[in-house]
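Have a look at the structure below before the remarks.
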Amino acid sequence: MSHKALSSTLIFLFFSSLVLSSPPEDPIKCSSNNTTCTITNSYGAFPDRSICNASQVLYPTTEQELVSVVASATRNKTKMKVATRFSHSIPKLVCPEGQNGLLISTKYLNQVLSIDVEARTMRVESGVTLKQLIGEAARVGLALPYAPYWWGLTIGGLMGTGAHGSTLWGKGSSVHDYVVEIRIVRPSGPQDGYAKVETLNEQNEDLNAAKVSLGVLGVISQITLKLEPLFKRSITYVAKDDSDLGDEVGGFGHAHEFADITWYPSQRKAVYRVDDRVPINTSGNGLYDFLPFRPTPSVALALIRTTEDVQESTNDANGKCISSKTTTNTLLNAAYGITNNGIIFTGYPVIGFQNRLQASGSCLDSLQDGRLSACAWDSRVKGEFFHQTTFSIRLSLVKNFIEDVQKLVQLEPKGLCGLELYNGILMRYVKASSAYLGKQEDALDFDITYYRSKDPMTPRLYEDIIEEIEQLGIFKYGGLPHWGKNRNLAFEGVIKKYLNAQKFFRVKERYDSQGLFSSTWTDQVLGLKDGLTIVKDGCALEGLCICSQDSHCNPSKGYYCRPGKIYKEARVCTHLKSK
Ligand SMILES: Cc1cc2nc3c(=O)[nH]c(=O)nc-3n(C[C@H](O)[C@H](O)[C@H](O)COP(=O)(O)OP(=O)(O)OC[C@H]3O[C@@H](n4cnc5c(N)ncnc54)[C@H](O)[C@@H]3O)c2cc1C
Ligand SMILES: *[C@@H]1O[C@H](CO)[C@@H](O)[C@H](O)[C@H]1NC(C)=O
Ligand SMILES: *[C@@H]1O[C@H](CO)[C@@H](O)[C@H](O)[C@H]1NC(C)=O
Ligand SMILES: *[C@@H]1O[C@H](CO)[C@@H](O)[C@H](O)[C@H]1NC(C)=O
Ligand SMILES: *[C@@H]1O[C@H](CO)[C@@H](O)[C@H](O)[C@H]1NC(C)=O
Ligand SMILES: *[C@@H]1O[C@H](CO)[C@@H](O)[C@H](O)[C@H]1NC(C)=O
């Protein structure tokens with residue numbers, strides 16, 4: 001496709017937010033007689049592409065019902081897992097063990113229970129979405145100060161994986177650090193009727209385990225969050241050359257409360273989000289409706305995917321670089337989807353209320369159950385299919401990491417155009433947390449999205465460069481992988497990076513001594529079982545292993561296992577006829 005045709009496609013894509021969109025598919029499917037069910041994630045694919053099984057799904061609507069579900073399954077020694085309405089995590093966290101597990105869905109645990117305006121607290125059931133939470137709080141003049149940018153997550157699920165927004169101020173950007181009380185239903189013995197509700201507040205140390213639990217302690221029923229009076233902020237995106245990025249990141253994060261940076265390494269460009277609180281009487285009614293989270297016409301999704309498939313299969317690095325520049329410019333010119341008044345973008349700064357600027361996700365809203373448009377990654381239509389590598393590197397090491405990536409770009413200038421097609425590397429600030437499985441130090445989180453072929457044996461363009469960045473971040477610089485994203489290899493040895501892991505295990509042992517809420521995957525991630533990496537032909541292409549022999553790449557397509565270009569300890573799948 002010509003450059004021009006692609007850009008008009010993109011423009012069509014980005015400005016067509018008013019078309020009818022269908023809501024995402026339910027990640028849980030059951031046979032008509034309800035004897036077997038399967039679960040996957042919102043992308044329709046776990047890192048190893050398996051589909052998980054369960055013999056039953058239950059939908060409690062109150063804490064009382066939840067208690068009786070957990071009690072009944074505990075009495076039966078049934079393995080359980082909590083599932084949410086959309087199942088947005090990439091790894092296999094939601095899979096119960098084996099074929100006969102039970103899924104406990106929080107779909108109907110979706111009520112806001114109470115709001116104390118004086119104390120600025122809000123008590124919600126765990127299946128409440130971020131969108132609901134933000135909206136209900138704003139109605140009484142309150143706001144959650146920091147949160148993920150995508151509002152389709154549930155409060156239980158986002159806490160389960162330590163999800164965050166971006167700030168170095170206050171208690172930091174992780175939602176779980178604003179939790180003042182959790183009620184969690186966990187297995188118990190006959191003396192308690194086989195299930196027990198624990199009420200954990202800030203006086204109880206177990207709260208530090210329950211705040212980020214990977215779902216292995218039991219089912220969180222209710223969460224009380226500490227909020228702030230609703231405020232306004234002022235946002236300006238500033239694009240700059242990336243040559244001094246390593247020097248800038250530290251100061252920038254401290255200077256602006258909601259700072260983040262989007263980095264386009266092959267374009268040698270970084271977009272700084274200058275974002276601060278302003279007095280509530282500052283005029284402006286801005287709205288954030290992030291373009292990539294808007295409903296996208298299926299025709300456009302298919303066209304874009306086909307273009308990328310062709311660029312990949314013909315090794316068209318130039319084509320990818322041209323497409324990525326067009327995409328970036330389109331996004332930047334449209335201020336990523338921010339408007340000054342909810343309708344049109346007229347210029348910076350964009351000023352508005354926190355609840356209208358902190359998160360978005362209009363592709364989740366449905367007007368009709370058609371398939372004219374959808375979220376870009378909806379697996380029912382031909383659209384985006386990608387891997388996501390996300391890790392946080394402690395601030396003192398970030399400069400070195402950035403410079404290593406820049407050295408790779410110098411060696412392979414077109415190497416990272418592919419990830420710029422997915423809006424580059426999103427860099428967000430996080431702070432050390434008291435949660436045992438939370439961030440260990442103040443850090444910068446790098447969020448990288450890139451092409452994944454529908455065929456697991458097909459390598460991607462510049463496979464080696466992206467793999468080297470993954471191994472640099474996670475191993476050379478000791479980055480902490482996001483629990484709800486990443487490919488298997490990122491979790492290799494991860495638990496050793498957590499100082500309080502033993503404290504977490506002690507709570508896990510007390511709350512669920514039989515491990516009914518644990519699975520092979522959670523045991524592997526927590527370092528309690530081997531087998532996290534899956535060694536087989538082509539495994540490195542899918543991040544199921546780090547290659548140690550050529551067959552882990554794909555020699556028939558010219559990809560061999562070789563050391564990294566600047567990180568010699570890395571082992572990556574390199575295309576040997578590429579130069
Ligand atoms: C488009 C998109 C944008 C995203 N943006 C961000 C972002 O800006 N920042 C960020 O940090 N992350 C982001 N994420 C990742 C996201 O935060 C995590 O994947 C999150 O865990 C998903 O929440 P969920 O409600 O879908 O939970 P699920 O993925 O369904 O569940 C996650 C885990 O929590 C457990 N769990 C869920 N509910 C409960 C409960 N009530 N009690 C006990 N355990 C429970 C589940 O068993 C599972 O182990 C994004 C993901 C997507 C798809
Ligand atoms: C299957 O389970 C769902 C959800 O619990 C329920 O709505 C439906 O009626 C059940 N179907 C049958 C045939 O039992
Ligand atoms: C349920 O349906 C499946 C096919 O969908 C069938 O194989 C199975 O025997 C049925 N089980 C019962 C108990 O009816
Ligand atoms: C789920 O069940 C199917 C059919 O029995 C099986 O092929 C598949 O491997 C199972 N999934 C997992 C993760 O065990
Ligand atoms: C526990 O077992 C009983 C008897 O087999 C069954 O009726 C019940 O549905 C089971 N409970 C759960 C949650 O699996
Ligand atoms: C906002 O309020 C402050 C104090 O109440 C006042 O000094 C200031 O002039 C007001 N600003 C605007 C833009 O109205």
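Atoms within each ligand, like the ligands themselves, are counted from 1 in listed order. Numbers for residues simply follow the sequence, beginning at 1.
- No salt bridge links Glu257 with Arg233; every basic N to acidic carboxylate O contact stays at or beyond 4.0 Å.
- Interface of Gln56 with ligand 5, defined as ligand atoms under 4.0 Å from a residue heavy atom, comprises 14 (O).
- Protein heavy atom closest to atom 13 (C) of ligand 5, with residue, atom name and distance, is Ser72 OG, 3.3 Å.
- Among the atoms of Val94, none of the N or O lies under 3.5 angstrom from an N or O of ligand 1.
- Under 4.0 Å from ligand 1, the heavy atoms of Ser126 that appear belong solely to its side chain.
- Less than 4.0 angstrom separates some heavy atom of Gly215 from each of these atoms of ligand 1: 44 (N).
- Under a 4.0 angstrom heavy-atom cut-off, Ala83 registers as lying outside contact with ligand 1.
- At a 3.5 angstrom cut-off on N or O pairs, Thr84 counts as close to ligand 1.
- Near Tyr43, meaning under 4.0 Å from any of its heavy atoms, are these atoms of ligand 1: 52 (C), 53 (C).
- Looking at Lys81 against ligand 1, nothing comes within 4.0 Å, counting heavy atoms.
- Aromatic ring centroids of Phe258 and Tyr146 lie under 6.0 Å apart.
- The only option from Cys52, Ser519, Cys95 that meets the side chain to side chain contact (heavy atoms under 4.5 Å, CB included) definition with Lys81 turns out to be Ser519.
- Between Asn41 and Ser87, the side chains place no donor N or O within less than 3.5 Å of an acceptor N or O (distance only, hydrogens not considered).
- With a 4.0 Å cut-off on non-hydrogen atoms, His482 touches ligand 1 through its side chain and not its backbone.
- The pair Lys131-Asp365 counts as a salt bridge, with a side-chain nitrogen and a carboxylate oxygen less than 4.0 angstrom apart.
- Heavy atoms from other residues, nucleotides or ligands lying under 6.0 Å from CZ of Arg123 number more than 12.
- With respect to Arg428, the salt bridge (Lys or Arg N to Asp or Glu O under 4.0 Å) criterion is satisfied by exactly one of Asp275, Asp260, Asp447: Asp447.
- Atoms of ligand 1 lying under 4.0 Å from at least one heavy atom of Leu214, given by number and element, are 49 (O).
- At least one protein heavy atom sits closer than 4.0 Å to atom 3 (C) of ligand 5.
- No more than 12 heavy atoms of other residues, nucleotides or ligands lie within 6.0 Å of CD in Gln64, so this atom counts as exposed by the packing criterion.
- Looking from atom 15 (C) of ligand 1 to the surrounding protein, the closest heavy atom is Lys485 CE, 3.5 Å.
- Taking any N or O of Pro148, backbone or side chain, none lies under 3.5 Å from an N or O belonging to ligand 1.
- The heavy atom nearest to atom 37 (C) of ligand 1, out of those in Gly157, Ser166, Gly162, is found in Gly157.
- Shortest contact from atom 8 (C) of ligand 6 to any protein heavy atom: Asn281 ND2, 3.8 Å.
- A salt bridge does not link Lys171 with Asp177: none of the charged nitrogens is closer than 4.0 Å to a carboxylate oxygen.
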Next item on the list: Determine, step by step, whether Gln388 and Tyr43 satisfy the side chain to side chain contact (heavy atoms under 4.5 Å, CB included) criterion, reporting the C-alpha distance in whole Å, the side-chain angles of both residues, the deciding distance to 0.1 Å, and the verdict.
Entry: CA-CA 11 Å; Gln388 223 163 31; Tyr43 308 100; 4.1 Å; yes

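- The existence of a salt bridge linking Arg506 and Glu205 is excluded, since no basic side-chain nitrogen approaches an acidic carboxylate oxygen closer than 4.0 Å.
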Checklist line | Chi angles and distances behind the side chain to side chain contact (heavy atoms under 4.5 Å, CB included) call for Val494, Leu532 | finding: CA-CA 11 Å; Val494 69; Leu532 184 76; over 6 Å; no

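- Both the backbone and the side chain of Thr154 come within 4.0 Å of ligand 1, judged by heavy-atom distances.
- Taking the six-membered ring for Trp, Phe491 and Trp521 have ring centres closer than 6.0 Å.
- Of all protein heavy atoms, the one lying nearest to atom 16 (C) of ligand 1 is Leu153 CD2, 3.6 Å.
- Relative orientation of the Trp377 and Phe386 rings is perpendicular, given thresholds of 30° and 60° on the angle between their planes.
- Considering backbone and side-chain N/O atoms, His164 comes within less than 3.5 Å of an N/O atom of ligand 1.
- Tyr264 and Asn423 share a donor-acceptor pair across their side chains, judged by distance under 3.5 Å alone.
- The pair Lys79-Glu97 does not count as a salt bridge, with every side-chain nitrogen at least 4.0 angstrom from each carboxylate oxygen.
- Atom 39 (C) of ligand 1 has as its closest protein heavy atom Val82 CG1, 3.4 Å.
- The distance from ligand 5 to the heavy atoms of Asn76 drops below 4.0 Å at these ligand atoms: 1 (C), 2 (O), 3 (C), 8 (C), 10 (C), 11 (N), 12 (C), 14 (O).
- In this structure, atom 42 (N) of ligand 1 lies nearest to the protein heavy atom Ile220 N, 2.8 Å.
- Of the candidates Leu158, Leu93, Thr390, Leu93 brings a heavy atom nearest to atom 49 (O) of ligand 1.
- Among Trp150, Phe86, Phe290, the residue whose heavy atom sits closest to atom 3 (C) of ligand 1 is Trp150.
- For ligand 1 and Gly484, the ligand atoms under 4.0 Å from any heavy atom of the residue are 19 (O).
- Protein non-hydrogen atoms do reach within 4.0 Å of atom 10 (C) of ligand 6.
- Heavy atoms of Gly218 come nearer than 4.0 angstrom to ligand 1 in at least one pair.
- Atoms of ligand 1 found under 4.0 Å from any heavy atom of His88 (numbered from 1 in listed order, with element): 19 (O), 22 (C), 26 (O), 29 (O), 53 (C).
- Considering backbone and side-chain N/O of Trp377, none are found under 3.5 Å from N/O of ligand 1.
- The residues Arg183 and Glu181 are annotated as not salt-bridged, no charged nitrogen and carboxylate oxygen being separated by less than 4.0 angstrom.
- Heavy-atom contacts of Ser89 reach the following atoms of ligand 1: 18 (C), 19 (O), 20 (C), 21 (O), 22 (C), 28 (P), 29 (O), 32 (C) (cutoff under 4.0 Å).
- Near Thr161, meaning under 4.0 Å from any of its heavy atoms, are these atoms of ligand 1: 18 (C), 20 (C), 21 (O), 32 (C).
- Remark: ligand 5 atoms within the under-4.0 Å shell around heavy atoms of Ala73 are 13 (C).
- Residue contact check: Arg428 has heavy atoms under 4.0 Å from atoms 7 (C), 8 (O), 9 (N) of ligand 1.
- Centroid-to-centroid, the aromatic rings of Tyr336 and Tyr237 come within less than 6.0 Å.
- Ring-centre distance between Phe290 and Tyr149: not below the 6.0 Å cut-off.
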